[in-house]
J.: 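Dropping the structure in here first, questions after.
Only this structure's heavy atoms are used, side chains among them; waters, hydrogens and symmetry mates stay out. One is the number of the first residue; the rest follow in order along the sequence. Since we're looking at a predicted model, the values are computed, not measured.
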Amino acid sequence: MKAVYSDAEFYDENKTFIFKMILFPENNLVKFNINFIVQLCLYLNIDKKFGRSSDKNITARKNERLALLTKAFDCDTYVCGSCIVTGK
C-alpha cells in the first residue's frame, strides 16, 4: 500500500489511522466492517448513531422490511439508488 499511495496528498497524516484499520485483528468480516465504519466516522467527526437490523424483531421481507427498519430506527428518509422515500 505504501508503494502505491505514499505520494498521495494527506497520506502521511492519515497512514497511522489507515494501517490501524487495515490491521484490525478480526476474522469476522461483518465485525471488521462495522469497526471500520464506526472508527472512520469518529475520525472524520461524523456524529451518527449506529444500529443493526438483527437487533430489531422484524420478520418482514424485502421492501416491507426496509420500510419497517426505517421506522424502527426512527428515521424519516430511506435512500436507495435513485429512490428516496421520506415521511414518518
Side-chain angles (χ1 to χ4, degrees):
M1 185 169 135
K2 183 178 180 182
V4 177
Y5 293 107
S6 62
D7 291 334
E9 188 176 5
F10 306 114
Y11 174 80
D12 288 332
E13 67 190 73
N14 294 296
K15 68 182 175 186
T16 301
F17 172 75
I18 293 166
F19 280 99
K20 178 183 169 190
M21 295 297 92
I22 291 172
L23 299 174
F24 181 67
E26 180 58 65
N27 292 326
N28 182 295
L29 184 58
V30 171
K31 291 178 182 179
F32 180 89
N33 286 340
I34 289 171
N35 176 71
F36 194 96
I37 292 166
V38 170
Q39 293 303 317
L40 183 60
C41 287
L42 290 171
Y43 189 73
L44 297 174
N45 294 314
I46 298 171
D47 185 23
K48 293 291 174 189
K49 293 182 193 176
F50 294 93
R52 297 179 72 173
S53 63
S54 59
D55 294 337
K56 303 295 181 181
N57 187 23
I58 296 176
T59 58
R61 305 197 54 72
K62 299 183 181 183
N63 291 337
E64 183 182 5
R65 178 178 177 77
L66 296 174
L68 292 172
L69 283 169
T70 301
K71 290 179 183 179
F73 283 105
D74 199 31
C75 299
D76 59 9
T77 305
Y78 172 72
V79 179
C80 178
S82 63
C83 172
I84 300 175
V85 180
T86 61
K88 281 191 172 187

J.: Should Ile37 and Ile46 be regarded as members of a common hydrophobic cluster, given that ILVMFWY residues are connected when their side-chain heavy atoms come within less than 4.5 Å of each other, either directly or indirectly?
T.: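 Ile37 and Ile46: separate clusters.
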
J.: Under the rule for side-chain contact (heavy atoms from CB on, under 4.5 Å), what residues qualify as partners of Ala60, not counting sequence neighbours?
T.: Ile58, Glu64, Arg65, Leu68

J.: Side-chain contact test, heavy atoms from C-beta onward, threshold under 4.5 Å: evaluate it for Lys56 versus Leu69 and give yes or no.
T.: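 They are in contact (side-chain heavy atoms under 4.5 Å apart), so the answer is yes.
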
J.: What donor-acceptor contacts under 3.5 angstrom involve side-chain atoms of residues 48-55, with partners at least two apart or in another chain?
T.:
none

J.: For Arg61, which residues count as a side-chain contact (heavy atoms from CB on, under 4.5 Å) partner, sequence neighbours excluded?
T.: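 Testing Arg61 for side-chain contact (heavy atoms from CB on, under 4.5 Å), a comparison that skips the adjacent residues, returns none.
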
J.: Assigning hydrophobic clusters by single linkage (Ile, Leu, Val, Met, Phe, Trp, Tyr; side-chain heavy-atom cutoff under 4.5 Å), is Leu29 placed with Met21?
T.: no

J.: Let me confirm one number: the CD1-CG distance from Ile18 to Leu23, rounded to the nearest 0.5 Å.
T.: 11.5 Å

J.: If two hydrophobic side chains count as joined below 4.5 Å and joins carry through other members, does Phe32 share a cluster with Ile34?
T.: no

J.: Which pairs pass side-chain hydrogen bond (donor to acceptor under 3.5 Å, both in side chains) with one or both residues in residues 19-43, sequence neighbours excluded?
T.: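 Counting only pairs at least two positions apart or across chains, the side-chain hydrogen bond (donor to acceptor under 3.5 Å, both in side chains) contacts touching residues 19-43 are Asn14-Tyr43.
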
